[in-house]
**Q** 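To start, I am sharing the structure in question, which I have written as structure tokens.
Just so it is clear, the structure is predicted and the values come from calculations on it, not from any experiment. In this chain, numbering begins with 1 at the start of the sequence shown.
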Amino acid sequence: MSFYDLFHQYPLEKVKKLIYNSTLTQVQEAMASRELSMADFAALISPAASSLLENMAQKSQQKTLSRFGNTMQMYVPMYLSNECQNICTYCGFSYDNKIARIRLSDAQILQEAEIIKSYGYDHVLLVTGEANRTVGIDYIEHAVRILRPHFSNISIEVQPMEEEEYVRLHDAGVYAVLVYQETYTEEKYKLHHPKGKKSNFQYRIETPERLGKAGIHKIGLGVLLGLEDWRIDSFYCALHLSYLRKKYWKTKFSLSFPRLRPASNVPLHDQLISDRELVQLICAWRLFDENLELSISTRESDTFRDNIISLGITSISAGSKTNPGGYAAEPEALEQFEISDDRSPQEIAEMIRSKGYEPVWKDWEHTSATI
């Protein structure tokens with residue numbers, strides 16, 4: 001049975017009732033449980049849990065410190081291209097958005113790498129639009145191979161691929177792959193993705209499974225908060241994670257919380273999530289899975305990010321540019337979305353230290369043991 005089969009065993013209306021009919025007693029029972037069920041997670045993200053947010057935050061902080069200690073991993077994206085063949089209603093890279101398109105050359109990639117390295121980073125997240133003809137497997141694999149000598153760790157966030165293509169990228173040096181479902185609300189998915197390969201809901205939702213089969217070390221999941229009901233989407237994402245953990249138990253997992261941000265010529269959607277609700281969601285995830293890496297990006301404001309540091313987050317981006325060539329200030333490439341926290345990596349690192357945490361500038365590193 002694939003996750004797509006399991007997904008259809010949880011009809012949307014049934015999930016909606018499970019979440020919105022949760023009681024305060026069920027929230028309290030979930031907080032007291034050592035191993036949380038899907039019903040427990042539903043209670044923690046329900047409106048009923050809002051009154052216990054302070055208790056959730058305290059327990060989330062304790063679990064995070066116990067598992068991850070006083071460390072905060074820092075990360076940064078490198079956008080290789082804004083070329084894209086999909087039409088997405090929320091993205092600045094959408095095919096129908098008339099912007100200047102760019103694909104970085106080898107020289108430009110290495111120039112971006114030099115600047116990122118100067119910030120202190122020893123790992124990087126490579127990002128592209130979804131354009132298989134111009135930034136497909138060959139281009140991405142080549143970029144990974146020329147960057148591998150410069151970084152101890154490379155992650156990617158690109159278009160979904162076939163299992164054998166992920167094997168190629170794994171062999172080239174890719175450690176982690178991030179792939180967001182955007183929304184698990186299947187009947188609305190097509191409305192947000194009317195054209196392009198991304199419009200195939202089933203292919204998208206089965207991508208993490210292909211990653212697991214290919215032996216990718218870490219898989220990153222997430223939904224686009226604000227696109228549809230964040231509670232329902234998060235429930236399905238938790239169901240997805242539980243399925244993957246059981247089937248690919250040697251794999252590490254991470255989760256991000258991308259919240260919709262303004263982008264050129266792209267209207268905002270109306271399913272917004274408040275700061276308080278986002279805190280509730282982060283704490284619910286930590287209580288649900290204490291081993292899960294939780295990331296927050298520069299989409300969020302400096303005030304929000306300063307305050308969320310101690311409540312469950314384990315990695316944070318800093319100094320991010322969301323346009324190809326952005327670190328070298330390429331003028332013609334439009335950014336994917338507006339960032340909110342524009343502080344430098346050094347300023348973020350100092351903020352982290354002021355909170356009693358130690359910034360870490362690289363992810364897991366390949367080593368060879370000898371006896």
**Q** Just verifying a value: how many Å separate I313 CD1 and Y357 OH, rounded to the nearest 0.5 Å?
**A** 11.0 Å
**Q** Quick one: side-chain hydrogen bond (donor to acceptor under 3.5 Å, both in side chains) partners of Y121, sequence neighbours excluded?
**A** none
**Q** With no hydrogens and no angle check, is any side-chain donor or acceptor of R101 less than 3.5 Å from a backbone partner on F93?
**A** yes
**Q** Kindly indicate whether the side chain of E157, heavy atoms from C-beta on, has any atom under 4.5 Å from the side chain of P77.
**A** no
**Q** For K247 and Y243: C-alpha separation, side-chain torsions, deciding distance, then whether side-chain hydrogen bond (donor to acceptor under 3.5 Å, both in side chains) applies.
**A** CA-CA 6 Å; K247 195 163 186 179; Y243 168 87; 3.2 Å; yes
**Q** Walk me through it: do E182 and K198 pass the test salt bridge (charged side-chain N to carboxylate O under 4.0 Å, His left out)?
**A** CA-CA 10 Å; E182 317 299 9; K198 194 171 183 177; 2.8 Å; yes
**Q** Given the rule in the ring pair (Phe, Tyr, Trp, His ring centres under 6.0 Å) test, do F7 and H240 qualify, once you have shown the distances and angles that lead to the verdict?
**A** CA-CA 8 Å; F7 171 77; H240 204 168; 8.7 Å; no
**Q** Backbone N or O of T298 within a donor-acceptor pair of the S317 side chain at under 3.5 Å?
**A** yes
**Q** Whether the side chain of S60 engages the backbone of L311 through a donor-acceptor N/O pair (distance < 3.5 Å, no angle test) should be reported.
**A** yes
**Q** Taking the side chain as C-beta and beyond, is there a heavy-atom pair between V223 and T183 under 4.5 Å?
**A** no
**Q** Could you go through the side-chain contact (heavy atoms from CB on, under 4.5 Å) check for E228 and I232 one step at a time?
**A** CA-CA 8 Å; E228 291 296 333; I232 292 174; over 6 Å; no
**Q** Is there a donor-acceptor pair closer than 3.5 Å between any side-chain N or O of N86 and the backbone N or O of C88?
**A** no
**Q** Just to verify, which of F253, F41, F235 counts as forming a ring-ring contact (aromatic ring centres under 6.0 Å, His included) with F288?
**A** F41
**Q** Side-chain heavy atoms under 4.5 angstrom apart, residues restricted to Ile, Leu, Val, Met, Phe, Trp, Tyr: same cluster for M1 and F201?
**A** yes
**Q** Donor-acceptor pair, N82 side chain versus A100 backbone, under 3.5 Å?
**A** yes
**Q** So does S199 get a backbone contact from the side chain of Y189, meaning a donor-acceptor N/O pair under 3.5 Å?
**A** no
**Q** With a distance cut-off below 6.0 Å to the six-membered ring centre and an angular limit of 45° from the axis, does K218 pair with Y175 as a cation-pi contact?
**A** no
**Q** Could you check if a side-chain atom of L241 sits within less than 4.5 angstrom of a side-chain atom of D289, using non-hydrogen atoms only?
**A** yes
**Q** Quick one: do E54 and Q58 satisfy side-chain hydrogen bond (donor to acceptor under 3.5 Å, both in side chains)? Show the steps, please.
**A** CA-CA 6 Å; E54 181 63 30; Q58 291 175 1; 3.3 Å; yes
**Q** Taking side-chain hydrogen bond (donor to acceptor under 3.5 Å, both in side chains) as the definition, give me every residue that meets it alongside E29, ordered by chain and number, with sequence neighbours left out.
**A** none
**Q** Is it possible for you to say whether L12 and L191 belong to one hydrophobic cluster, with membership spreading through side-chain heavy-atom contacts below 4.5 Å?
**A** no
**Q** For residues L272 and W230, determine if any side-chain heavy atom of one lies less than 4.5 Å from a side-chain heavy atom of the other.
**A** no
**Q** Checking S66 side chain against K63 main chain: does a donor-acceptor pair fall under 3.5 Å?
**A** no
**Q** Are the side chain of E206 and the backbone N or O of Y203 linked by a donor-acceptor pair below 3.5 Å?
**A** no
**Q** Can you measure from CG (L225) to CD1 (I273) and round to the nearest 0.5 angstrom?
**A** 5.0 Å
**Q** Is the cationic atom of R133 (NZ for Lys, CZ for Arg) positioned less than 6.0 Å from the six-membered ring centroid of Y139 and within 45 degrees of its normal?
**A** no
**Q** Given D106 and H142, is the side-chain hydrogen bond (donor to acceptor under 3.5 Å, both in side chains) satisfied, shown in steps?
**A** CA-CA 9 Å; D106 290 5; H142 177 70; 2.9 Å; yes
**Q** For the backbone of L221 and the side chain of Q181, can you confirm whether one donor and one acceptor N or O come within less than 3.5 Å of each other?
**A** no
**Q** In the single-linkage hydrophobic clustering (I, L, V, M, F, W, Y; side-chain heavy atoms under 4.5 Å), do I87 and Y180 co-cluster?
**A** no
**Q** Within the structure provided, determine whether L53 and N55 are in side-chain contact (heavy-atom separation under 4.5 Å).
**A** no
**Q** Do the ring planes of F3 and Y184 sit parallel (below 30°), tilted (30 to 60°) or perpendicular (above 60°)?
**A** perpendicular
**Q** For the pair T207 and R210, evaluate side-chain hydrogen bond (donor to acceptor under 3.5 Å, both in side chains) and give the outcome as yes or no after the intermediate values.
**A** CA-CA 5 Å; T207 302; R210 296 193 297 276; 2.9 Å; yes
**Q** In the single-linkage hydrophobic clustering (I, L, V, M, F, W, Y; side-chain heavy atoms under 4.5 Å), do V144 and I146 co-cluster?
**A** yes
**Q** Between R67, K252, R286, which is the residue that forms a salt bridge (charged side-chain N to carboxylate O under 4.0 Å, His left out) with E293?
**A** K252
**Q** Testing E141, E162, M161 one by one against R168 for a side chain to side chain contact (heavy atoms under 4.5 Å, CB included), which residue passes?
**A** E141
**Q** Checking ring pair (Phe, Tyr, Trp, His ring centres under 6.0 Å) for the pair H8/Y4: CA distance, chi angles, key distance, verdict?
**A** CA-CA 7 Å; H8 282 288; Y4 189 66; 4.6 Å; yes
**Q** To check you understand the geometry: which heavy-atom pair defines the closest contact between V179 and P208, and what is its length?
**A** CG1-CG, 4.0 Å
**Q** Between the main-chain N or O of I45 and the side-chain N or O of R231, is there a donor-acceptor pair closer than 3.5 Å?
**A** yes
**Q** Are the side chains of M72 and I309 in touch, meaning some heavy atoms are under 4.5 Å apart?
**A** yes
**Q** Please step through salt bridge (charged side-chain N to carboxylate O under 4.0 Å, His left out) for the pair R204 and E130, ending with a clear verdict.
**A** CA-CA 12 Å; R204 185 81 178 186; E130 299 192 11; 2.6 Å; yes
**Q** Is the ring pair Y119/Y327 parallel, tilted or perpendicular, if the boundaries are 30 and 60 degrees?
**A** perpendicular
**Q** Please answer: with hydrophobic residues joined when any side-chain heavy atoms are less than 4.5 Å apart, are L281 and L52 in the same cluster?
**A** yes
